[in-house]
Amino acid sequence: MRSTPGLPATWAALLCLLAALACLLNPAFSVKEHDFKKCDQSGFCKRNRAFADDAAAHRTTWSSPYDVIPESASLKDGQWQAVILKTINNGERARFPITVSLLKSGVARISIDEEKRQKKEIELRHNSKARKERYSEAEDWVIVGGLELDKQAQVAFQDKSQVNIKYGGDQDLEVVIKFSPFEVDFKRGGESHVRFNDRGLFNMEHWRPKIEKPTAEEGKGEDGTKNDSGEDESTWWDESFGGNTDSKPRGPESVGMDISFVGYEQVFGIPEHTGPISLKQTRGGDGNHQEPYRLYNTDVFEYILDSPMTLYGAIPFMQAHRKDSSVGVFWLNAAETWIDVVKEKDSKNPLNLGKGSTSTHTHWFSEAGILDAFVFMGPTPRDLTKRYGELTGYTAMPQEFSIGYHQCRWNYISDDDVKDVDRRMDKYKIPYDVIWLDIEYTEEKKYFTWDPHAFANPVSMGQQLDAHGRKLVVIIDPHIKKVDNYPVSSNMLSKDLAVHNKDDETYEGWCWPGSSNWVDCFNPKANEWWKTLFKYDSFKGTLENTFLWNDMNEPSVFNGPETTMPKDNIHFGNWEHRDIHNLNGLTFHNASWEAMVSRKKGEKRRPFILTRSFYAGSQRLGAMWTGDNQASWEHLAASIPMVLNQGISGFPFAGADVGGFFGNPDKDLMARWYQTGIFYPFMRAHAHIDSRRREPYMLGEPYTEILTKALRLRYSLLPSWYTAFFHANREGSPVVRPMFWTHPSEESGFAIDDQLFVGTTGLLAKPIVEKDKFSTDIWIPDDEVYFDYTTYQVMKTQKGKRVTVNAAIDSVPLLMRGGHIFPRRDIPRRSSAAMRFDDYTLVVTVSKDGSAEGDLYADDGDTFDNEKGQYIYRKFSLADNVLTSTDAEGRNAKSVKAGSWLKAMRDVHVDRIIVIGAPASLDVKEVQVESEGKNWAVKVDYHAAEKGRAAFAVLGRVGTKIGEDWSIKI
Ligand code: NOJ
């Protein structure tokens with residue numbers, strides 16, 4: 001061993017040993033960053049960045065080599081089509097057909113393909129069976145609507161150098177396409193907002209044959225020597241990383257584009273990463289990242305915080321926001337993708353006239369596939385999420401139980417263990433809905449089997465849970481153990497339903513079960529087969545209250561490059577894994593979804609499936625969680641921006657492992673994590689197999705009580721959470737909302753990502769995420785009045801300023817914004833199922849001007865009958881001292897033929913109404929209710945304002961039916 005200068009060798013050895021021990025004790029040090037590529041270890045990333053560097057170095061003379069052939073251009077029925085020519089070094093030209101589709105919604109789509117590959121006029125190397133075309137089928141998995149063309153789109157101006165097309169009806173949108181060099185400028189109200197290729201970084205690596213050289217010459221480029229055309233070929237062909245070689249049979253094929261958000265200083269989105277929601281710059285500098293944000297779904301063991309490193313899922317949707325304006329881009333490409341972000345002061349607008357003086361320049365590049373990008377022109381964050389949802393689908397209405405609390409660990413060791421946890425949760429009166437089984441429930445990691453010793457009686461386990469209104473979630477992963485006498489394996493192999501390797505044989509790799517094969521869910525036949533495995537009489541031991549967890553679907557392959565599949569593996573349709581990698585998780589989740597809806601003929605129930613890997617569109621299929629975090633305060637803090645980012649990116653059913661996956665949280669951390677977790681749309685406690693047991697009752701008092709109190713808060717608000725999911729389902733809005741989304745005019749709040757609003761309730765939470773901290777400062781976005789949730793204290797707030805809120809270890813900082821009405825169910829019960837037909841409490845927080853608004857959505861939380869009108873959707877309003885409940889859609893309740901759930905809801909009432917900031921007119925003994933032609937008096941318990949606490953009144957029992965109209969003069 002070499003010694004450190006100045007230190008004797010023995011000391012140096014001792015220091016090394018100590019450092020190694022420190023790594024073992026603190027898992028945060030053991031992240032294996034070097035297992036994952038940095039940009040300069042990924043050929044196409046390096047090439048595209050080098051291209052950008054070249055352009056920057058020659059800024060004044062740089063010209064993009066892409067030109068539109070003016071004669072090829074035409075606009076018809078909302079689609080502009082043309083051919084782009086790329087001038088190649090040797091004077092040759094490559095042709096790229098482009099289509100700009102102008103959609104009725106005001107969204108525009110740019111798609112660019114490569115003619116030679118389209119026509120399959122290329123040669124593959126290594127006798128590969130791979131397809132010759134660029135992958136263009138991502139839309140088949142992702143896009144579910146919103147593609148109607150704006151046939152009114154019109155050419156407003158055209159000459160030899162450009163075309164200007166007006167589109168988007170009265171939204172005053174215009175796209176200007178410049179021909180030479182090719183550039184696209186999206187305008188709203190005559191002003192540029194989004195520009196493609198204005199820095200000239202558009203790059204479609206055209207197909208070229210590999211000119212075989214004598215061996216001695218190979219790798220010449222590595223040390224800077226170029227090929228005959230002056231290009232560095234060193235990363236074009238085979239590429240190795242971590243002992244794996246990618247054979248790249250199609251050679252270089254990447255697609256890159258610079259996209260500038262003109263006058264926008266902040267950009268958001270592109271999950272999944274750790275770090276602030278307002279994305280950082282990625283080209284170095286103080287506090288910035290050095291690496292581009294990477295999207296390449298991977299099982300990153302013990303991931304690090306505040307990093308652009310890739311994680312398990314990818315949503316290539318970015319939003320730019322400035323005061324009163326939002327625009328966005330969705331880059332529909334399923335291959336490995338990197339995104340550089342650079343912000344630049346705008347020299348043309350130094351005085352900040354009209355728009356921001358800083359622009360964000362982004363640079364996107366993917367390894368393969370066509371260029372396919374959607375451009376959203378806002379102007380509000382709400383418009384973006386709505387339009388994005390129209391295209392990729394809205395969040396599925398969840399199983400109602402799934403927004404309750406989930407109790408998980410790796411692993412509950414036996415069916416008796418599960419029953420015991422279930423009993424103890426009841427004994428300690430801790431509400432929960434679901435208990436989970438990780439991989440150890442199976443016999444030797446063979447999915448669809450039970451360990452015959454530990455889980456000898458799954459049915460009795462499921463039945464006990466069912467008797468308590470609870471559910472079981474079991475894990476099913478995509479790797480299938482390769483072993484004899486396992487029908488799932490032999491069936492899959494005999495039907496040829498697994499992913500193939502580059503030589504077109506069944507691919508074999510390592511995962512939990514040891515040697516495994518991977519079901520190929522791109523194959524419709526595999527999906528049909530997958531369905532058969534879930535039938536109750538096939539997966540014996542599962543019951544109607546069994547639901548699903550899909551893990552490791554990036555896919556995780558322990559001995560694969562970057563812990564995943566080789567890129568030259570072949571999927572159904574002969575697409576290379578390279579082409580579809582980021583979609584892989586979605587296709588598995590989708591196959592499981594289809595399987596769950598067809599478990600039994602005639603059974604039409606919403607699936608609940610948690611997925612670790614995801615892509616745009618996964619929101620239609622279930623929930624996600626942020627993977628293997630750590631039991632540390634830093635990871636607790638990091639979870640809030642991650643969950644918020646999911647919400648604005650169209651996939652709000654998100655949460656982090658409560659308590660932290662790796663390690664053993666201390667009791668304070670547990671308390672704060674539960675108080676944070678109750679604000680995750682998906683709330684599940686989970687723990688690594690080596691961690692100590694930590695079910696809430698294990699902590700002892702006062703902590704068990706503290707956790708229970710937090711859970712009760714979550715449970716009482718379930719009707720509000722469900723309503724928030726309904727809004728996500730209808731409009732794509734986030735379930736928990738960051739400040740820029742709810743208050744797009746308040747600049748000082750744009751980057752705030754440690755506090756959130758719950759749906760439309762006006763509930764503003766800022767969980768404590770630091771050790772030994774018992775107060776926090778909440779940023780206030782407007783001039784409205786704010787009350788403390790528990791004390792009804794009127795907070796001394798000022799718009800754009802922070803207000804201090806105390807939070808002892810048993811409480812969570814939570815404010816109520818004036819002007820809202822939100823529903824609760826206040827009777828403490830063991831599970832959401834037990835609360836199904838409980839009466840409601842309505843909380844009215846009176847605004848400064850004496851008004852309030854809110855809503856409640858409810859359905860059976862289980863079937864698809866909601867799609868047939870079997871739901872209740874009420875709008876509550878306080879105006880001119882009259883409190884009313886009306887049908888939110890003006891539906892005549894009697895026009896819907898009530899099914900069993902709606903009928904049962906006829907007996908569900910509003911029990912109490914709590915008016916906070918109550919007007920003096922409520923200082924009376926009773927008020928009159930009018931409902932459906934009947935009148936009656938309701939008692940009022942009025943409390944005048946005192947010592948900073950708002951006046952409040954409790955009305956009750958109200959006794960109005962939840963599904964009927966009523967009004968109360970207050
Ligand atoms: C990895 C998952 O992220 C984790 O939650 C799970 O417990 C293990 N796989 C074992 O299945």
Side-chain angles (χ1 to χ4, degrees), residues 27 30-32 35 272 274 297-304 309-313 406-413 417-418 434-451 454-455 472-481 509-514 516 518 547-560 562-564 584-585 588-589 592 609-614 618 622-631 635 638-639 642 654-665 673 677 680 682-695:
S30 52
V31 172
K32 297 190 184 59
D35 283 351
E272 181 180 23
T274 56
N297 298 346
T298 315
D299 183 359
V300 181
F301 180 68
E302 292 179 349
Y303 58 76
I304 46 172
M309 199 172 159
T310 193
L311 283 177
Y312 315 91
H406 300 251
Q407 184 63 51
C408 183
R409 76 167 279 110
W410 177 16
N411 217 87
Y412 287 113
I413 56 170
D417 189 13
V418 169
V434 196
I435 188 158
W436 290 53
L437 291 180
D438 209 320
I439 47 178
E440 315 297 332
Y441 80 89
T442 58
E443 184 182 14
E444 294 164 353
K445 317 285 184 305
K446 291 184 281 189
Y447 303 110
F448 308 99
T449 69
W450 300 87
D451 181 306
F455 288 88
L472 179 75
V473 165
V474 296
I475 199 167
I476 299 279
D477 289 353
H479 45 257
I480 302 297
K481 186 174 172 113
W510 278 78
C511 207
W512 300 125
S516 306
W518 274 258
F547 293 84
L548 216 59
W549 175 13
N550 282 167
D551 188 18
M552 315 295 274
N553 49 339
E554 295 75 21
S556 175
V557 180
F558 295 160
N559 62 337
E562 300 194 271
T563 335
T564 191
N584 191 82
F588 181 60
H589 196 194
S592 298
I609 311 170
L610 180 74
T611 182
R612 188 169 74 175
S613 186
F614 57 87
S618 294
M624 62 71 70
W625 93 108
T626 61
D628 299 348
N629 59 0
Q630 293 181 30
H635 272 261
S639 69
M642 289 180 87
D657 282 349
V658 171
F661 181 66
F662 292 113
N664 294 302
W673 214 316
Y680 299 155
F682 170 63
M683 187 194 184
R684 183 187 70 155
H686 185 37
H688 187 267
I689 196 163
D690 295 335
S691 64
R692 288 195 285 274
R693 291 293 281 251
R694 47 163 118 127
E695 291 71 29

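In each ligand, atom 1 is the first atom listed, and ligand 1 is the first ligand listed. This is a predicted model, so every value here is computed, not measured.
With 3.5 Å as the limit, one finds no donor-acceptor pair spanning the side chains of Q630 and Y303.
The ring-ring contact (aromatic ring centres under 6.0 Å, His included) test applied to Y441 returns W450, not counting sequence neighbours. Scanning for ring-ring contact (aromatic ring centres under 6.0 Å, His included) contacts around W549 gives W436, W625, H686, with sequence neighbours left out. With sequence neighbours excluded, the residues forming a side-chain hydrogen bond (donor to acceptor under 3.5 Å, both in side chains) with K445 are E440, listed by chain and number.
Taking the centre of each ring, F682 and H406 come in below the 6.0 Å mark.
Considering D299, N297, T626 as possible partners of R612, the one that fulfils the side chain to side chain donor-acceptor pair (under 3.5 Å) test is D299.
The 4.0 Å heavy-atom shell around ligand 1 contains residues W410, D438, I439, I475, W512, W549, D551, M552, R612, W625, D628, F661, H686, ordered by chain and number.
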